Amino acid sequence: MAAIDNTQNPGMAQEGALKRFLRATEIDSRMLGMLGALLLIWVGFDLASAFVRGGDGLLGGTFLTPRNLWILLVQTSSIAVMTTGMVLIIVMRHIDLSVGSILGFTAVCIGAMQVYWLGPALGVGHPAIWIITLVLGLALGAAIGALHGTLIAYFGIPSFIVTLGGLIVWRGAAWSVIRGETVAPMDKNFKLIGGGISGITPGSIGATASWVLGLLICAAILAVIWNGRQRRKRFKFALKPVWAEALLAAAGCAAVIGITSVLNAYYWPKGVVDRWAQQTGATIPPEGLNISFGYSIPVLIALSVGVAMTFLANRTRFGRYIYAIGGNPEAAELAGINTRKITLMVFSLMGMLAAVSASISSARLDSATNALGQFDELYVIAAAVIGGTSLAGGLGTIYGAMLGALVMQSLQSGMTLLNFESATKDMVVGCVLVFAVFVDQVYQRRVK
Amino acid sequence: MYRKILTLAAGAAALAAASLATTPAMAAGKNICVSWKTFQEERWKTDEAAIKAVVEAAGNKFFSADAQGSAAKQQADIEGLITQGCNVILVVAFDSDAILPAFQAAADAGVKMISYDVLVEHPDALYVTFDNVGVGRLMASTMLEKGRQDGNFAFIKGDKGDPNATFLFQGIMEVLKPNIDAGKIKNVCETFTDGWRPDAAQKNMEQCLTSVNNKVDAVISQNDGMAGGVVAALEAQGLAGTVPVTGQDGDKAALNRVALGTQLVSVWKDSRVLGKAAAEFANMIAEGKANTDIPGVGKFNSGAKGVEVNAVLIAPNPITRANLNDVIGGGWVTKEEVCAGVAAGSVDACK
């Protein structure tokens, strides 16, 4: 994630110097544009909400408050996890329309296992339940993805058709597992995956752990930059100027510390503090008690998935094969890449990521229903495309797609915050999708 | 198309004629028949049991046919039932337009028709259904009686493409309007929910709570699934149980929330009540009572074509902590399911 956070203040650079600055720091200008757009959206919503109702946000609104940003990240995490897989699929010139339905089906299976099978068998709340169901859920997702992958890679059925079928089949399967009922409540340990509060245990790591984590991430950024510099030296590549490296390191660390302090500034709501005091026998001082949430578990899951997938895509042979196949499938095949096997694996990975999202969504909702994840495939694809993934294949980054997911969720949350009509929301989101791709096209032509 | 229907009808008539030999159509009791649209769905089995019991208790005979989700087969089914000597046919229409010729055929043959649960706009048919606008009114009135009469209200509506979401909202607003006009109730958030999805409702509720800094006193959610999302959002702010939430459908999870106290009410359309009422009406009509003489009958013309029909709208049952016993038993939900996790002695129905 280091690459995402290191661009806090390039706006200060002079317009003429911008190009030189970008070349020196090797920052993807497209990502810079997206961060700019995100900033614009956030500031816009905070100003707009300041006019409507007023709040204690940065600019007097309700959007740029620790609470809203904390919830925004949690709301984004499920889509963000899936979009990392969708990037690889689209890069390979495929598409997966079934992710929302796989999410629904695995969520329902996880819920049914917890409530109807393991709950009665091991006793409700048994500490093994969440691990067993999570592992089985991930395996189920991977198996469904592998089935799709097999049909696509070895039977030559277009991915659009296979996954369109999957979209319908798995939604139906989700209904038939529980006959359209709602399975609730989820296991109390499992519930933490969603970031909610289970009794008096929050699904987030608290202030101290968040600071430790923030410093570790900071150290990791420094290590990555240092390591990169050493490697360039070893291979006698051109080095970035020292000031550029220092700037990236400083900006990256500043961003991490900023995010950490914002997340730590969101405190337990009063009702939860009261319940906590009641159950632990603690006394609350008259001025109230501020207990920080810090990084929530779903956000940590999404971040880890993002880091792992970036590593997979950029640093492993498997990942490089994916981009090679996307760039030119025939050439890749002639070069000896087993394209079928790679296709199968990518779809299986996608299925597993859908299961991760299923765990996050069902845990967050504290129940599983067959409607869970409906339309998610559209948001996942849109996030990947807004994040700069080319539908022609070969191009796309994990962090870009995750940022795209954040942009989409920011728009939706912001509009809901302002009480926009839902029809307006749909129209805005649709227009933004098309507009983002249009801007990207113009940019691509300019670069050429 | 017509030819196909005719052949099917002829086939069914032939079959029915064959079966006439074995069914004593002219016995003393009347024949009450039902044409289901798809008997595969779980719920119709509950309805059938209720109807059958009432019909047979009155000394009449019960027959049924399953259209298996085909408009053509349902037409043939009804033709067959007419030939078979049914006095009254209850129809759950699969396609309420395509079924009109069959209704006309029945009217011509002097067979009385009841459109059950699904409106068929034929002037001679009696329409028996739950009062859907009434569901909204019941949510609001239960909120006023047992939840809150004043304060900040949030409205989580269903899918904007579903006319039911709008009907419900009309009913809700009818009841709340006096208090809104008097300034007692303030509408702080109002939002449609894509596809009635619980997870979308959860996000909407989270944004609502953020926008008013948790100052929400009551939530009108239009169904139980969305109420689940609303309660999850309230829970995260430590507000679950203190903010009353409405819903409908009698979902098992929702009934459990009612027992736990995190949801105020689930308006329940008990299909056994609907089936029992419709069967009683069928018995009366078979004995020669006119549609206009049925107890509780009124005029209904809110269908797509605006045809005026005689209708009985059955009031649904608002399930709160006080009358949870109404849902327990009868095969819908068990006491264990309703009372899971409920502190001993806190709810009468769970004792």
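Chain identifiers are assigned alphabetically (A, B, ...) following the order of the sequence lines, protein sequences preceding nucleic acid strands; residue numbering begins at 1 within each chain. Hydrogens, waters and symmetry mates play no part in the numbers below; they use all other heavy atoms, side chains included. Computed from a predicted structure; not experimentally measured.
When A/Leu417, A/Thr62, A/Val272 are compared by the number of non-hydrogen pairs under 4.5 Å with chain B, A/Leu417 comes out ahead. Between chain A and the residues B/Thr193, B/Asn214, B/Val212, the largest count of heavy-atom pairs under 4.5 Å involves B/Asn214. Per-residue counts of heavy-atom pairs under 4.5 Å with chain B were compared for A/Val124, A/Asp274, A/Asp426; the largest is that of A/Asp426. Options B/Gly161, B/Cys189, B/Cys208, B/Gly195 differ in how many heavy-atom pairs under 4.5 Å they form with chain A, and the most are formed by B/Cys189. Taking chain B as the reference chain and counting heavy-atom pairs below 4.5 Å, the highest number among A/Ala184, A/Ala423, A/Gly196, A/Ser361 is found for A/Ala423. Top candidate by heavy-atom pairs under 4.5 Å with chain B, chosen from A/Asn419, A/Ile197, A/Leu372, is A/Asn419.
For the atom pair CD of A/Gln374 and CH2 of B/Trp196, the computed distance is 13.5 Å after rounding to the nearest 0.5 Å. Distance OG1/A/Thr416 to CG/B/Asn204: 5.0 Å, rounded to 0.5 Å. The distance from the CE atom of A/Met415 to the OG1 atom of B/Thr191 is 11.0 Å, given to the nearest 0.5 Å. Once rounded to the nearest 0.5 Å, the distance linking OG1 of A/Thr369 with CG of B/Asp251 reads 9.5 Å. Between the CG atom of B/Asp199 and the CG atom of A/Asp376 there is a distance of 7.0 Å, given to the nearest 0.5 Å. Distance CG/B/Leu209 to CG/A/Asn68: 11.5 Å, rounded to 0.5 Å.
Both the backbone and the side chain of A/Gln75 come within contact range of chain B, each with at least one heavy atom under 4.5 Å from a heavy atom of that chain. Proximity to chain A is absent for every atom of B/Asp249, based on heavy atoms less than 4.5 angstrom apart. Neither the backbone nor the side chain of A/Ser367 comes within contact range of chain B; no heavy atom of the residue lies under 4.5 Å from a heavy atom of that chain. Contacts of A/Gln412 with chain B are absent, with no heavy-atom separation under 4.5 Å from either backbone or side chain. Both the backbone and the side chain of B/Lys203 come within less than 4.5 Å of a heavy atom in chain A.
Within 6.0 Å of NZ in B/Lys160 there are more than 12 heavy atoms belonging to other residues, nucleotides or ligands.
A/Asp366 contributes no side-chain N or O that, together with a main-chain N or O of B/Gly228, makes up a donor-acceptor pair within less than 3.5 Å. Although no hydrogens or angles enter the test, the distance criterion places a donor-acceptor pair under 3.5 Å between the side chain of B/Gln207 and the main chain of A/Ser413.
For the pair A/Thr182 and B/Asp224, the minimum side-chain heavy-atom distance is 4.5 Å or more.
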* **Residues B/Arg197, A/Phe375; criterion side-chain contact (heavy atoms from CB on, under 4.5 Å); working and verdict** => CA-CA 10 Å; B/Arg197 284 165 50 201; A/Phe375 309 127; 3.6 Å; yes
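Heavy atoms only, all atoms of each residue included: A/Arg67 and B/Asn213 are closest at NH1-OD1, 3.7 Å. Among all heavy-atom pairs drawn from B/Ala232 and A/Leu365, the shortest one is CB-O, 3.8 Å.
Using a cutoff of 4.0 Å between basic side-chain nitrogens and carboxylate oxygens, A/Arg364 and B/Glu206 are scored as salt-bridged.
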